[in-house]
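Before any comments, here is the structure.
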2 protein chains.
Amino acid sequence: MFTFDQLAGFIAVAEELHFGRAAERLNMTQPPLSRQIQKLEKIVGAELLERDNRKVELTHAGQTFLEEARRLMALAERAPVTARRIASGRSGMLRIGFTAASGFSILGPLLEELSQIIPDVDVDLQELVTGEQLNGLLTGELDLGLARPPFDKETFDSHLLYRESMVLAVPSGHPLTLLARDISPEDFKEEPLIMHSATQARYFYDLVVRTLPFSHANVVHTVSQILTMVSLVAAKRGVAFVPHSATLLGIKGVEFLPLAGGDGEQVELHAIWNRRITNPALERLLRDLEFAME
Amino acid sequence: MFTFDQLAGFIAVAEELHFGRAAERLNMTQPPLSRQIQKLEKIVGAELLERDNRKVELTHAGQTFLEEARRLMALAERAPVTARRIASGRSGMLRIGFTAASGFSILGPLLEELSQIIPDVDVDLQELVTGEQLNGLLTGELDLGLARPPFDKETFDSHLLYRESMVLAVPSGHPLTLLARDISPEDFKEEPLIMHSATQARYFYDLVVRTLPFSHANVVHTVSQILTMVSLVAAKRGVAFVPHSATLLGIKGVEFLPLAGGDGEQVELHAIWNRRITNPALERLLRDLEFAME
DNA sequence: AAACATGATGCCTTCCAGGTATCAAATGAT
DNA sequence: ATCATTTGATACCTGGAAGGCATCATGTTT
């Protein structure tokens, strides 16, 4: 195999059509350059330059080999640059998982911010429930998750992105909309309830069970996605507890009523990542976002 | 700049994920391979492989650098093959000039033959009068010409491709078409004549002047292209001497009558090339066609 | 705890690339 | 015609780099 030095030598001679000047350009003397070209021609197996004692000319084979040589040199010069960009996190690919509910609120601004901080990084988005995200982070299929607790603090590091209160979604025209005050547990104890799945939407389920007194007897549906929930409310199947950002969905036929109390029923969205970071783009992102990395 | 050996070493390690096995594959021992990779990483300016004492893994930068390295190696392996193909004339580009008249007869079969002998050679065709072809052959803008004498036998070598007789083109229904014998000079001494240009179509002009007695007083048009000539005949502007292959033009309203005599009025088409051949594709073509190369 | 696996390091030798001096051949000037 | 000039090729030498062998360092397995 030939060497890059030989290629550079050939390109210089092909451009100067003069061994002496080419050698000067390469900061070397003429004799080794002559030998370089001879060796290259031997390796390539074809005469590339036609030279008599007065002038140097490219052969036809030399003309096309010159193109290939230039392409090789360009590629060889670009490759380390690309590698360094990726190592520094300025380029590459970031795979982000998000829960459907996080899409309403934080995803848009976050992507906007990403394109400012790491503009050359491709972002791959996947809608996944929290459990699947954690799994992806473990296997390395995911770099960053936008999900809700609980998760293993040993394995994962996180940053609280967003905290919002729960509201009660009711069909338009429902009697409760006439109340001029926040909703209390008393108000919905008779209402048919659309509830979160205990397995698929464990975070919401746990939160509601923990902070809002309600009767399981009232539960008429069990679903895992906020969007489904709000749609069912619009269809007058019952009322539901949803995060405040669900108001952004813009579904007609639903109204959202504040809940009295105010503290315990707050839901959190975290950015979560594996403490064993291998993706330089993620590293750079976290550094630039100044997330605490305890 | 890194070397191809370093790239090959990196590719082997990246594929085996094991220095020992990679070294074996490369027919070398493990220590120099380790150093090779270290040097490559230093040159590239990024960690490409993450290695502890138990396993080897590609970093993100390493993954993309691996692709670039493979591309480089593939390109480097292909380049000499292409160069050799061109040097041997099995590939490349052949620029052929032809006169309009030669296009009727020989060009089709010749191109057919070219695609058999040198299938990977691109053929660039240009319609040029003989003088322009000779000029192109001198400057190297043309590799082969299909033209008519005269030309300098010192500079150019040639091969007679085709010899055909001249015929008289007359409008359909012309009285001469009723003759049951070949045409003699007597027959057209009163006919209006469409003549070849003395400068632009010197070969035909000289030939006609030399071999066919006619009166300049009868000349009604002077043109340089056979096609124009035949079209004017069809428009009943007169009669014209054209090579036999003009019958292949398929222009309606024209008939072609044989001329008595038979020998002197033959026209020749030659393949002509510069004796200083630089294009390997031409060299190969001539060899394979078994043209005499005195 | 001992044996094993695996990548890194130290040291030696060989080989190759580059430098200097010079040659060979063709051109051009006196 | 001869001599100086130009320019690529060759001869010979030297320094550095790459590869091999032996060994180390460290983590895993039995």
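So you know, we letter chains A, B, ... as the sequences are listed, proteins then strands, and number each from 1.
- A donor-acceptor contact under 3.5 Å links the side chain of B/Gln30 to the base of C/dA8.
- Taking the six-membered ring for Trp and the full ring otherwise, A/Phe10 and A/Phe2 have centroids separated by 6.0 Å or more.
- Between B/Lys55 atom NZ and C/dA8 atom P there is a gap of 14 Å when expressed in whole angstrom units.
- At whole-Å resolution of the value, CG in A/Leu40 and P in C/dA17 are 12 Å apart.
- A/Glu24 has its CD atom 13 Å from the P atom of D/dG8, to the nearest Å.
- Comparing D/dA17, C/dA8, D/dT10 by their nearest atom to the side chain of B/Pro31 picks out C/dA8.
- If A/Gln6 and B/Ser34 are placed on DNA chain C by their nearest nucleotide, the residue sitting closer to the 5' end is B/Ser34.
- Under a 4.0 Å N-O distance rule, the pair B/Arg210/B/Asp206 does not qualify as a salt bridge.
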Next item on the list: Go through the steps to decide whether B/Leu161 and B/His270 satisfy the test side chain to side chain contact (heavy atoms under 4.5 Å, CB included), and finish with yes or no.
Entry: CA-CA 5 Å; B/Leu161 285 178; B/His270 293 250; over 6 Å; no
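- Atom-to-atom, CD1 of A/Ile37 to C1' of C/dA17 comes out at 14 Å; the value is rounded to the nearest Å.
- Below the 3.5 angstrom threshold, one finds a donor paired with an acceptor across the side chain of B/Asn53 and the base of D/dT26.
- Between the base of D/dA18 and the side chain of B/Gln36 there is no donor-acceptor pair shorter than 3.5 Å.
- Between the CE atom of A/Met28 and the C1' atom of C/dA17 there is a distance of 8 Å, rounded to whole Å.
- Sequence order on DNA chain C of the closest nucleotides to B/His18 and A/Asp5 puts B/His18 first from the 5' end.
- If you check distances only, the side chain of B/Arg35 does reach the base of D/dG20 with a donor-acceptor pair under 3.5 Å.
- At least one side-chain heavy atom of B/Leu146 sits less than 4.5 Å from a side-chain heavy atom of B/Leu110.
- One interatomic measurement links the two molecules: NZ of A/Lys39 to P of D/dT10, which rounds to 13 Å at whole-angstrom precision.
- A salt bridge between B/Glu47 and A/Arg84 is absent, with no side-chain N of the basic residue lying under 4.0 Å from a carboxylate O of the acidic one.
- Atom CZ of B/Arg51 is separated from atom P of D/dG27 by 16 Å (rounded to the nearest Å).
- Here the P atom of nucleotide C/dG7 and the CG atom of B/Asp52 are 9 Å apart, to the nearest Å.
- Residue contacts shown for B/Arg54 include a base, since a base heavy atom lies under 4.0 Å away.
- At the phosphate of C/dG19, OP1 or OP2 sits under 4.0 Å from a side-chain N or O atom of A/Thr29.
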